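Just so you know, ligand 1 is whichever comes first in the structure, and atom 1 is the first atom listed for that ligand. Everything numeric in this text was worked out from a predicted model, so none of it was measured.
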Amino acid sequence: MKDKLLLDIANSTNLNFIDNENALVGLHNGYNITINSSPYTYYITFPVKLTSEVGLDNMNAFLHGLTTEFKKLNYASYNASSIELHYTPKYRKYRKPEIILSIINKLIDFSITNNLVTCCASCGEETELKPFLFNNIILPCCTNCQLEINNKIAEQQNAFQHKSNNIIGGIVGGFIGALLGSVVWIGIAQMNYIAAIAGLAISICCIKGYQMFGGKLNLSGIVITSIITIIMVYLANHISLAIDIYSEYKIDYDINFFDALRAVPDFLREPLVRKSFIENLLIGYLFTAAASFSYIKKAYLEANNKIKFKEINM
Ligand SMILES: [Zn+2]
């Protein structure tokens, strides 16, 4: 669905939507402008070249003035050859196209007054731009820069593919990480909270450990860390039950924790104990899967340099 605010901006400027993306791009009053929206944030890119009269200090002072004037303009910075703004209107009263339009007009006025010209956002060359989508951000860059960035991504992907993969080290690291996560799980269980929320901790620590000890987070890395997580969630439940048994019986019987741990299988033959154990385990797996899914996906995409790259036809 198209962002309503972007629709209004498109109607009152020369900016156009890119296919089905919530992103506007175009030349408005002689200046290249791109605006992307993600929920609650609008990213505005305004490539413009500094001059000998107007340097970084003047630019920063101007941008500082902008953030003071517009309340929800949370970020304003000049990077490479372009002004980057993040406008974050959480409330309806700030979600108005007039506000973004007035920000854009300030940018244009400042540029015209100071004879700043539009350019490639990356190299600053005053040439025709060939904007492209990089993950979810549009980069208004020239053909050369597009090629350069493209090559860089290919290089990184290539380097990842040829990176050595120490699966054994990764498994050791994954277990160490997951063990740390399990400590959190067991701690929460002992406080009588639903320990399953710590499933994310097990999953994150496992993946971090796997990578730290040389494992590559490719598809088999995902499978291995998932299996370790499944095992450790089971063990965390098992140990939690042993701790319960130990604290219940240590007063009347002369047992240590390891006796309790050995007694767990006997206790699990008890239907009531078994039922609650299985229930806890299932909830644990469910929570862990639900909480970890987006983290695992993100970690995998990052590790593999999977980048959404799309040329924009204007
Ligand atoms: Zn360029």
Student: Can you confirm whether E69 is buried at CD, in the sense that more than 12 heavy atoms of other residues, nucleotides or ligands lie under 6.0 Å from that atom?
Tutor: yes

Student: I'd like to know whether OH of Y295 has more than 12 heavy-atom contacts from other residues, nucleotides or ligands below 6.0 angstrom.
Tutor: yes

Student: Within a radius of less than 6.0 Å around CG of D252, do more than 12 heavy atoms belonging to other residues, nucleotides or ligands occur?
Tutor: yes

Student: Working to the nearest 0.5 Å, report the span between CG of N16 and NE2 of H28.
Tutor: 12.0 Å

Student: Quick one: name the protein N/O/S atoms under 2.8 Å from the Zn ion (ligand 1), chain by chain.
Tutor: C120 SG, C123 SG, C142 SG, C145 SG

Student: Run through N29, L66, I33, L116 and flag the one making a side-chain contact (heavy atoms from CB on, under 4.5 Å) with L107.
Tutor: L66

Student: So how far is it from E279 CD to K275 NZ, rounded to the nearest 0.5 Å?
Tutor: 4.0 Å

